[in-house]
Amino acid sequence: MSSVLQIDFGDRTPEPVVGIDLGTTNSLVAFMDLTGPKVIPGEDGDHLVLSVVHIGEGAPLVGNAARQMLIDDPERTVYSVKRLMGRGLADVAQEAGLFPFRFAEGSESVLRLRLGDRTFTPPEISALILLQLKRNAEACLGRPVTRAVVTVPAYFNDAQRQATKDAGRIAGLDVLRLVNEPTAASLAYGLDKRQDGIIAVYDLGGGTFDISILKIREGIFEVLATNGDTHLGGDDIDNRLLRIALEDIQSEWGQDLSHNGSAVQLLRRAVIETKEQLSFVPRVTMHLEYQGRSYQREIAREQFEALVRDIVDRTLTPCRNCIQDAGLTAEQIDEVVLVGGSTRIPLVRQAVEILFRARPHTELNPEEVVAMGAAVQAGILAGEVQDKLLLDVTPLSLGIENMGGVVSKIIHRNSTIPASATEVFTTAVDGQRNVLIHVVQGERELVKDCRSLARFDLKDIEPLPAGAPRIEVRFLIDANGILSVTARDQRTGKEHSVEVKPSYGLTDEQVEAMIRDSFERAEEDFAARQTREARLEADTILAALEKARAHAAWLEMAEPEKAAIEQALNELLTVYCSDDHVLIRAHIEKLNQATLRLAEVMMNTAVRTALKGTKV
């Protein structure tokens with residue numbers, strides 16, 4: 001006996017799901033339209049949102065708006081925050097001195113950034129970048145955006161991945177899935193159109209390096225192996241050139257600028273421009289003007305390559321390990337894809353071509369390709385893309401309820417799908433003829449603390465003493481993400497099955513106390529923005545009232561009416577400097593109500609003036 005129950009969890013309303021590349025240097029947001037993935041431009045029309053945040057007296061500045069603050073106010077401006085996610089002070093000790101901001105006490109396990117008189121964690125800073133991307137998407141799509149797929153380096157550990165999800169929650173986003181950046185890139189290239197093949201994705205970004213090898217078969221992506229370094233990227237090249245330039249300047253000027261935040265950031269900008277130009281021209285002059293003094297250094301591409309060759313070579317060891325872990329040779333890899341702005345460097349492209357013995361794909365913008373792939377995955381989760389599948393891992397363990405309300409896990413968390421597992425159970429009561437199979441999902445030991453997915457009965461089993469029957473329960477997650485659960489009485493062969501289509505919007509574990517505190521501070525920042533908007537609204541009504549009091553209609557108002565307006569005006573002025581935007585808006589409304597009669601008299605006066613001498 002067999003029947004199928006389709007259980008559908010999740011909201012089917014057509015709410016947009018966006019793909020986000022939260023990058024070290026730049027961040028992007030994209031979505032799927034009828035023609036494919038599209039990157040959403042920001043307020044300034046630029047697709048790239050600079051991953052820089054400035055915390056000043058007013059609302060935070062994010063992206064390109066914060067670029068100049070790297071020079072003007074570097075001590076309160078954060079860049080490359082992705083390199084700080086999920087890390088402690090010892091992890092960033094080598095480069096800590098080059099950051100213009102400082103780390104607060106208590107940063108041994110979780111970094112805390114001291115920005116002025118305030119302290120922020122990396123997830124809080126990342127949340128501000130995500131919030132800007134969210135606003136850009138909402139402005140483009142004309143609808144609220146609350147769900148997203150966010151990409152992460154394939155080699156991010158659990159702490160770094162959790163920090164990324166925490167950033168999403170602080171920004172008000174339900175992060176449906178964290179997708180490895182190399183896998184997202186292969187989706188963007190449309191490499192699933194191959195009947196089958198082996199793909200290597202080499203991703204060298206600003207702060208992280210990933211190498212992933214994927215097997216593609218009939219639109220199904222399977223990650224065979226991944227490797228990398230979460231602390232290796234274009235920033236290391238920038239820092240190498242920056243240190244050399246600082247040494248040159250100290251030698252020429254007799255002045256150490258390494259502790260001068262503004263000077264370091266100006267020099268960093270010159271270094272980055274030099275690096276980028278050397279990808280296209282053979283020789284560049286690096287130039288710095290600071291406090292009336294000038295520094296110049298001509299750098300040839302050959303010199304540049306000699307300076308950074310060891311950094312590029314550091315990416316090759318993870319590549320070789322990844323090929324070995326996949327059980328392959330370089331000759332068996334059919335396609336190589338380059339991702340990340342640092343892959344524009346000719347030396348990098350040469351090294352990849354030599355190692356993999358194949359010319360890499362460079363058709364798409366390496367800085368946009370990950371966001372586009374994230375949008376494709378978002379389309380898959382939203383049901384907009386039907387012909388592709390990204391093999392993933394089970395986010396939570398799957399099991400059944402056992403005697404006493406405990407969970408017997410059958411497929412464990414982080415198992416790669418497709419996956420299958422079988423366990424044998426028995427009865428607890430003599431002569432028992434029916435067995436209830438309760439399918440649950442979660443990491444807790446008790447059923448009451450887990451998510452219930454399905455229940456069904458295996459009926460008409462042979463009545464035997466307790467412990468004698470053998471009930472085989474088999475879990476199978478197929479390539480379509482469908483969980484099939486089958487219970488079979490081994491003695492009689494009778495079986496019953498159920499199909500469970502799990503939702504993608506799974507509830508996370510409660511965010512730890514630090515993140516709760518971060519969320520509260522993020523709300524305070526949003527409240528500061530609301531306060532500023534309330535004051536602007538108050539300015540408008542105060543200016544209008546000032547004009548009205550000079551109008552002839554003011555003389556027609558009764559003294560009690562004037563007194564009520566004056567009182568409401570004074571009360572608004574009293575709370576104007578308050579940080580309570582609700583209070584300010586309440587007194588704006590009170591003044592609005594008090595001036596309704598004045599507005600009416602002004603209108604009547606205007607009408608009388610317009611009609612004076614006219615016969616109706």
Side-chain angles (χ1 to χ4, degrees), residues 20 22-25 27 49-63 66 69-70 73-134 148 150-153 156-175 178 206-208 230-231 235 508-529:
I20 292 177
L22 184 61
T24 305
T25 306
S27 296
V49 173
L50 195 65
S51 298
V52 175
V53 175
H54 173 257
I55 303 296
E57 299 302 327
L61 296 177
V62 180
M69 291 302 171
L70 284 169
D73 191 11
E75 291 81 7
R76 294 193 292 185
T77 307
V78 183
Y79 63 91
S80 296
V81 68
K82 185 173 179 177
R83 298 189 75 155
L84 309 179
M85 297 285 277
R87 291 185 169 273
L89 199 56
D91 300 317
V92 298
Q94 290 185 349
E95 60 189 310
L98 291 176
F99 286 122
F101 49 85
R102 294 293 173 256
F103 298 107
E105 293 183 5
S107 293
E108 287 74 20
S109 57
V110 177
L111 292 175
R112 299 178 184 277
L113 283 55
R114 174 66 67 184
L115 306 175
D117 59 354
R118 303 171 66 185
T119 302
F120 292 82
T121 61
E124 288 179 277
I125 298 297
S126 295
L128 293 172
I129 300 171
L130 289 173
L131 189 59
Q132 183 62 52
L133 296 172
K134 180 176 183 288
V150 180
T151 61
V152 292
F156 253 21
N157 60 30
D158 286 343
Q160 291 165 308
R161 290 171 186 266
Q162 184 59 51
T164 304
K165 295 196 78 172
D166 291 339
R169 293 191 65 179
I170 295 169
L173 288 170
D174 180 10
V175 179
L178 293 178
T208 58
T230 59
H231 220 64
D235 282 1
D508 292 334
E509 293 179 316
Q510 283 195 332
V511 182
E512 56 184 299
M514 177 204 57
I515 302 303
R516 286 200 300 270
D517 292 340
S518 301
F519 184 82
E520 291 172 3
R521 287 195 291 270
E523 286 184 330
E524 290 170 3
D525 288 340
F526 183 63
R529 177 179 175 175

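Any value given below was found using the heavy atoms of this structure, including those in side chains, with hydrogens, waters and symmetry copies removed. Residue indices begin at 1 and follow the sequence shown.
Between T121 and D166 the shortest side-chain heavy-atom distance does not fall below 4.5 Å. No side-chain heavy atom of V150 sits under 4.5 Å from any side-chain heavy atom of L173. When side chains are defined from C-beta on, V152 does not count as touching Q160, because their heavy atoms never get closer than 4.5 Å. Inter-residue side-chain proximity for L113 and L84 is flagged as met; some heavy-atom pair is nearer than 4.5 Å. At a threshold of 4.5 Å between non-hydrogen side-chain atoms, the residues V62 and L131 do not count as touching.
The CD1 atom of I55 lies 13.0 Å from the CZ atom of R114; values are rounded to the nearest 0.5 Å. Taking CG of L50 as the reference point, atom CD of Q132 lies at 11.5 Å (rounded to 0.5 Å). One finds the CG atom of L22 at 5.0 Å from the CG atom of L130 (value rounded to the nearest 0.5 Å). Distance check: D174 CG to K165 NZ gives 8.0 Å after rounding to the nearest 0.5 Å. If you take OG1 on T164 and CD1 on I20, they are separated by 11.5 Å, rounding to the nearest 0.5 Å. Taking CG of L128 as the reference point, atom CG of L61 lies at 10.5 Å (rounded to 0.5 Å).
Without hydrogens or angle criteria, S126 side chain to A167 main chain gives no donor-acceptor distance under 3.5 Å.
The minimum heavy-atom distance between Y79 and F101, with the atom names listed, is N-CE2, 4.0 Å. A pairwise comparison of heavy atoms in L111 and P122 identifies O-CD, 3.2 Å as the closest pair. In this structure, E57 and R76 approach most closely via the heavy-atom pair OE2-NH1, 3.1 Å.
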**Request:** Begin from the C-alpha positions of V78 and L115 and carry the test side chain to side chain contact (heavy atoms under 4.5 Å, CB included) through to its verdict.
**Result:** CA-CA 9 Å; V78 183; L115 306 175; 3.6 Å; yes
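For E105, there are no salt bridge (charged side-chain N to carboxylate O under 4.0 Å, His left out) partners two or more places apart in sequence or in a different chain. Applying the side-chain hydrogen bond (donor to acceptor under 3.5 Å, both in side chains) criterion to S27, with sequence neighbours excluded, gives S51.
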